[in-house]
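What follows is a short report on a single structure.
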Amino acid sequence: MSVRLAQGALEAIRREAARAYPHEACGALVGSSQVDVSDAPALSNREAVRPATRFTIAPADYLSVEQAAEARGAQLVGFWHSHPDHAARPSATDREHAWEGLLTVVVSVHEGEPREITAWSVPGPGLPFAQVPLSLEEA
């Protein structure tokens with residue numbers, strides 16, 4: 001499996017990750033399938049204690065983005081978040097909260113500048129993340 005990240009989704013992720021720095025930014029991945037991400041709307045990071053190293057998505061925000069995707073004939077295929085001043089690799093905490101069947105995209109942001117973007121899946125219960133090839137549509 002390889003994931004295509006459309007130019008608009010890529011730009012949205014980079015823009016929000018830079019804006020939120022030095023805190024983690026987060027958002028949804030919406031598309032026709034897990035291999036075709038057309039949109040990446042930002043979601044509010046509701047983490048109150050450690051927003052620089054954690055993100056929390058409110059259940060109402062999850063439901064809202066899922067309903068909006070379905071109204072467009074698309075689906076929620078995963079979530080993205082940033083790692084301020086750290087590599088674009090998922091952490092142990094990311095794995096604890098990741099759901100099988102949903103993509104996880106991580107963008108590293110160094111000194112306010114978005115850099116590497118990686119994609120990950122959870123292949124089964126209790127299994128570690130598996131990196132997924134990512135095709136980025138650049139301008």
For A25 and A17, which heavy atoms make the closest approach, and how far apart are they?
-> CB-CA, 3.8 Å
Shortest non-hydrogen separation from A40 to A9 and the atoms involved = CB-O, 3.7 Å
Indicate every side-chain donor-acceptor pair of residues 114-135 with a distance under 3.5 Å to a residue at least two apart or in another chain.
residue: E116; atom: OE2; partner: R89; partner atom: NH1; Å: 3.3
residue: E116; atom: OE2; partner: R89; partner atom: NH2; Å: 3.4
residue: T118; atom: OG1; partner: A88; partner atom: O; Å: 2.4
residue: T118; atom: OG1; partner: W120; partner atom: NE1; Å: 2.7

Does D61 have any salt bridge (Lys or Arg N to Asp or Glu O under 4.0 Å) partners at least two apart in sequence or in another chain, and if so, which?
-> R46
Would you find more than 12 non-hydrogen atoms of other residues, nucleotides or ligands less than 6.0 Å from H86 atom NE2?
-> no
Are the side chains of F55 and L43 in touch, meaning some heavy atoms are under 4.5 Å apart?
-> no
Just jot down the side-chain contact (heavy atoms from CB on, under 4.5 Å) partners of S64, sequence neighbours excluded, or say none.
-> none
Is there any salt bridge (Lys or Arg N to Asp or Glu O under 4.0 Å) pair reaching into residues 13-41, and which pairs are they, with sequence neighbours excluded?
-> R4-D36, R14-E138, E16-R19, D39-R72
What distance separates Q34 CD from L102 CG, expressed to the nearest 0.5 Å?
-> 7.0 Å
Taking ring pair (Phe, Tyr, Trp, His ring centres under 6.0 Å) as the test, write out the residues that go with H83, two or more places apart.
-> H81
Can you list the residues that meet the side-chain hydrogen bond (donor to acceptor under 3.5 Å, both in side chains) rule with E47, with sequence neighbours excluded?
-> T56
What pairs of residues pass the salt bridge (Lys or Arg N to Asp or Glu O under 4.0 Å) test when at least one of them lies in residues 93-107, not counting sequence neighbours?
-> none
First locate atom CG of L103, then atom CH2 of W80, and finally report the distance between them rounded to the nearest 0.5 Å.
-> 14.5 Å
Any pair with a residue in residues 12-44 that passes ring-ring contact (aromatic ring centres under 6.0 Å, His included), sequence neighbours left out, goes on the list, sorted by first then second residue, please.
-> none
For L63, what are the other residues in its hydrophobic cluster, where any two members join if their side-chain heavy atoms are less than 4.5 angstrom apart?
-> none
